[in-house]
Each structure stands twice: as structure tokens, then as C-alpha cells.
Amino acid sequence: MAEYQLTLPKMGESVAEATLIKWVKNIGDTIQADEIILEIATDKVDSEVPSPVAGKLIKVLFNENDMVQVGEVIALIETEGGDSSSPVPPVETAPEVIPEVATPTIADIPGINEFVADPIVAIEAAFNQSDKFYSPLVKSIATEEGITPAELDEVTGTGTDGKVTKQDLLNYIANKGTGVTNVQAPKSDSVESPKSTTTPVQVVSGSDEIIEMDRMRKLIAEHMVMSKQTSPHVTSFVEADVTNVVRWRDRVKSAFEKRENEKLTFTPIFIEVVAKAIKDFPMINVSVNGHQIIVKKDINIGMATALPSGNLIVPVIKRADLLNMVGLSKSVNDLANRARQNKLQPDEVRDGTFTLTNLGSFGNIMGTPIINQPQVAILAVGAIKKKPAVLETADGDVIAIRHMMFLSLSYDHRVVDGGLGGSFVRRVADYLEAWDVNREA
């Protein structure tokens, strides 16, 4: 018999930690290779972790709701064969010699003196210089509540290795000023067995039913409130004649599906024209860091996707401007399908620079979407409706039945003024109206 150390696998370049939300297997259970052993959560994405080996689960090292770092051992699995109690160590190779490079300090950042004059920004900067590890959520809450790193260091953590969890901080904030500031959340003395799972509380009070938000809905709620508090929202509207787009898609969609084994929806068309408009107006593809504007060179377009649960997630098409219609269609369909099956990877909902949401899929003609922070703009496309419209011809104006659609762009008025926002959404409409009905798919 041998013991295999199951570690939290790498989930993408920008993902360093995850929350363990459910043990699917219990101690003593037999596990087959590639069988799911636990579920984890990173931001809004829930992922499943399979076992790479067959055996029996003999020990778990983390409780549910614990924060786990990538590469940490989370469980021990007893496997057949061998007499080693741990995996065979890798063959050592000579370490690569990397020349030392001077690490820039916060003082080296241009404009930092003005930047840290903002108290909230100053707190964020102080967290970045702290030797202690705090999760992004804990730092975000502490920053919003004006709690300094020095004050946070005094909070007793109940997470792994004494880490401060979200609940620890919320308990501290709730009891602040009452004389009881070092309140600990309940913690088991042992992690030998997974904790039992609980279902959302449903309480009936008279004729009303109270349903607890699930984890994703709580995250969405927090993110939306934070966005409205962060960005002064302005929305500009344009009505676009998309008759050429509709006719082109009707003409090519059957042959496209037969050739590529992919359905051709309107979404990749919208993404293509949005990417072209972003190239024309790069200052719409930015984020804000204090008093600094960060211009993004990559065009990573998120597409808001409704889930069967009623929640929402935004998978991101990276470098969308480099993909043709086939590539965009495959990416859109793949991400949308896996989003609905809860199979997205954490990296696939990160690093978006602009978001598209299709209100028309619900029969809505327009809306005022909330910006997906830290982006500065989001475009909503409404339902395509046949309407009478005035057309200018060589023989004079005529009224014709056209396919019309409203576009609404919400943008962050801190850095996007009406001229830029209005011009951008008008350019998107121009590209849609000028769509070549004779182009190949």
C-alpha cells in the first residue's frame, strides 16, 4: 500500500487559491481514477476536482469553506502497490540561474504620490506591502470598511494556518465598538472528516417565503452594488438597422452549420463588430486604478450568460479581435454550453476588458446594464424587431419594413465622457448597418 498526496491543481495563470465548498467523497470511500472527489469555488466559478489515482480516501486536510492555495495537499488516498508512504519525488535538476533584477517598489510607480492620497487607495497599497496573506475578498471588505492592515492583523483567524476568513472579518466589524472585537467563528478541532452539507434555509412567514441566497447570487449582489458605488453610470442609446446582418445570417447559417458543425448565432457577429469599434476607440478598453487609467492592449470580450439556476456568469473570449467568424462561433458556443453545465475553468471568467449582454434573448428591446468591474463599459443589445423605417433613395424617401435593434452602452463617467461613449456605440451601429451581405461565413 502507498499513500498518494492529492493537491489542489493549477486552475490558470491568474488563479492562486480556491474555496473548498463540498467533499463529494467521505473518508473510507473507494475512489476510481478520474472520479470527482471534491468541489471548489473561485470567484463565480464552481469546479470539480477529480482524483488522478484509484484507491481509498483515508484523510482530508481541509474542511468545507476553507481557503486552499494551489499546490497545497488537500487529501491522502491509499493506493495499491508500492511501499512508499508518499509520491516518488521528482528527479532533481540543477537549478536555473536567474539574474537578479531590481524589484520596483511602490514609490517607483509614476504618479503614486497623487494616487495614494486617496485613503482607500492608500489602504490597498498598504495591503500589497503586507507580509501577511489575506484573500482578495477579505482585503476588499477591509478596504471598504476602512480597516488598515495593522488593525486586520489583530483579528483572530479561524482559517487554515490562522488565516482570516470573510466570516472572521464580518464578525469583527459587527462587534466593533461593542468591546468585543476578537470574535472567532466556530471551528472544528479536527479535519479528519468532511463537514455535512446544508441546504438553503427556506422559512415561511405567513404567506411569504424567505429563501437564502446561494453563494453565486451573493457574489453577484456584492459585485453589482460595488459597481454602482464605484462608477457613475451613464447610458447612451442608438437604434440600428440590422437588416443586412439578418439577411446574411439567414443565407449562410445552414451551410455554416453543416461545414463547421456549429450553430451561427448573432452573438459572434456582435462580438466581431464590437472588437472593430474598440480598435477605433481604444479608450473604451480601459480600467481605472485610483487616479490612473490603464489602457488594455488585448481585447477580451465577456459575454453575459444566463444559467439554468437563474444566476448569471460572464465567460471571456480572449483576444477576440484576432478570431474570424468561425473562431468566434466556436468560442461562443463552447463557453456558453460549458457555462450552463457548470464546467468553466476559473481563468475563463477573468481578465475581460469589455462586456456584451444580449437582452434580446429575453424579448427585451433595451436596458441599462451595470458595468462589470473593473471594466468601464458594457454594451446591451436588444431584441431584433421588424419595423417600418424611412429609407433615403435616389428617387426620394420611402418607407420599408426593416429589422431594427436598440443598442445601449453603459459607461463609467469618471473616464468615459458622453462624446466617447456616444461615438463608440454609434460606431458599433455603423458596422452592423454596413454589414456585407455577400461576405463568406
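The shortest side-chain heavy-atom distance between L323 and S331 falls under the 4.5 Å cut-off. A heavy-atom distance below 4.5 Å is not found between the side chains of K385 and H403. Contact check for E272 versus L328: side-chain heavy atoms found under the 4.5 Å cut-off. Counting heavy atoms from C-beta outward, V326 and F256 have side chains that approach closer than 4.5 Å. For the pair V245 and L432, the minimum side-chain heavy-atom distance is below 4.5 Å. Side-chain contact between L57 and N26 is absent, with no heavy atoms from C-beta onward closer than 4.5 Å. Using a 4.5 Å heavy-atom cutoff, the side chains of L8 and E17 are not in contact. With a 4.5 Å cut-off on side-chain heavy atoms, T357 and L379 do not count as touching.
Using modelled atom types, one side-chain atom of H413 and one backbone atom of V416 make a donor-acceptor pair closer than 3.5 Å. Between the side chain of H233 and the main chain of I371, a donor-acceptor pair closer than 3.5 Å is present. Formation of a donor-acceptor pair under 3.5 Å by the N285 side chain with backbone atoms of P282 is not found in this model. The main-chain N or O of G327 is found under 3.5 Å from a side-chain atom of N324 such that the two form a donor-acceptor pair. The backbone N or O of R338 lies less than 3.5 Å from no partner atom in the side chain of Q341, so there is not a single donor-acceptor pair. Proximity of a side-chain donor or acceptor of E257 to a complementary backbone N or O of S254 within less than 3.5 Å is not detected. Formation of a donor-acceptor pair under 3.5 Å by the N358 side chain with backbone atoms of G360 is found in this model.
Under 4.0 Å is where a charged nitrogen must lie from a carboxylate oxygen, and between K59 and E3 no such pair does. Ion pairing between a basic and an acidic side chain is recognised when a charged N comes within 4.0 Å of a carboxylate O; D412 and R414 show such pairing.
Closest heavy-atom contact between A75 and W23: CB-CH2, 3.9 Å. G367 and S408 make their closest contact through O-OG, 2.6 Å (heavy atoms, listed as atom of the first residue, atom of the second, distance). When all heavy atoms are compared, the tightest approach of P52 to Y4 is CG-OH, 3.3 Å. Nearest heavy atoms, S227 versus I370: OG-CG2, 3.6 Å. Taking each heavy atom of A441 and R259 in turn, the nearest pair found is O-NH2, 3.3 Å. Taking each heavy atom of I284 and A377 in turn, the nearest pair found is CG1-CB, 3.9 Å.
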Discussion item. Run E35 and K25 through salt bridge (Lys or Arg N to Asp or Glu O under 4.0 Å) and show every step you take.
Written reply: CA-CA 10 Å; E35 189 174 8; K25 293 293 185 178; 2.7 Å; yes

Fill in: Pair Y411-S236, side-chain hydrogen bond (donor to acceptor under 3.5 Å, both in side chains): steps then yes or no
CA-CA 8 Å; Y411 46 93; S236 293; 2.9 Å; yes

Worksheet item: What's the verdict on side-chain contact (heavy atoms from CB on, under 4.5 Å) for V49 and I40, showing C-alpha distance, side-chain angles and the deciding distance?
Response: CA-CA 7 Å; V49 177; I40 58 174; 3.8 Å; yes

Discussion item. Apply side-chain contact (heavy atoms from CB on, under 4.5 Å) to residues L76 and Q5 and explain how you reach the verdict.
Written reply: CA-CA 5 Å; L76 299 180; Q5 296 182 345; 3.7 Å; yes

Worksheet item: How far apart are the C-alpha atoms of K279 and D321, what are their side-chain angles, what is the distance that settles it, and do they pass the side-chain contact (heavy atoms from CB on, under 4.5 Å) test?
Response: CA-CA 9 Å; K279 284 192 169 184; D321 56 313; 3.2 Å; yes

Item to complete: Verify side-chain contact (heavy atoms from CB on, under 4.5 Å) between L335 and L344, making sure each step is shown before the conclusion.
Response: CA-CA 7 Å; L335 289 172; L344 289 176; 3.9 Å; yes

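Counted by atom type alone, Q375 and T355 present one or more donor-acceptor pairs between their side chains at under 3.5 Å. If you check the side chains of E151 and Y172, you find a donor sitting under 3.5 Å from an acceptor. Defined by atom type and a distance below 3.5 Å, a donor-acceptor pair is present between the side-chain atoms of S410 and T235.
No more than 12 heavy atoms of other residues, nucleotides or ligands shown are found within 6.0 angstrom of CG on N261. Counting heavy atoms of neighbouring residues, nucleotides and ligands inside a 6.0 Å radius, atom NZ of K56 does not exceed 12 of them.
Classified by interplanar angle (parallel below 30°, tilted 30° to 60°, perpendicular above 60°), the ring pair F266/F270 is parallel.
For residues 320-379, the ring-ring contact (aromatic ring centres under 6.0 Å, His included) pairs, not counting sequence neighbours, are F354-F424.
Here CD1 of I365 is found 13.5 Å from CD1 of I384. Values are rounded to the nearest 0.5 Å. With rounding to the nearest 0.5 angstrom, the CZ atom of F62 is 4.0 Å from the CD atom of E72. To the nearest 0.5 Å, atom CD1 of residue I36 and atom CD1 of residue I31 are 11.0 Å apart. In this structure, I378 CD1 and Q373 CD are separated by 10.5 Å, a value rounded to the nearest 0.5 Å. Considering CD1 of I269 and OG of S329, their distance stands at 7.5 Å, rounded to 0.5 Å. With rounding to the nearest 0.5 angstrom, the CG atom of N333 is 5.0 Å from the CD atom of E262.
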Report, one line per pair, each donor and acceptor closer than 3.5 Å where one atom sits in a side chain of residues 299-314; sequence neighbours left out.
from	atom 1	to	atom 2	distance (Å)
N300	OD1	R319	N	2.7
N300	ND2	D351	O	3.0
T305	OG1	M303	O	3.1
S309	OG	N311	N	3.3
S309	OG	N311	ND2	3.4
N311	OD1	R217	NE	3.1
N311	OD1	R217	NH2	3.1
N311	ND2	D214	OD2	3.1

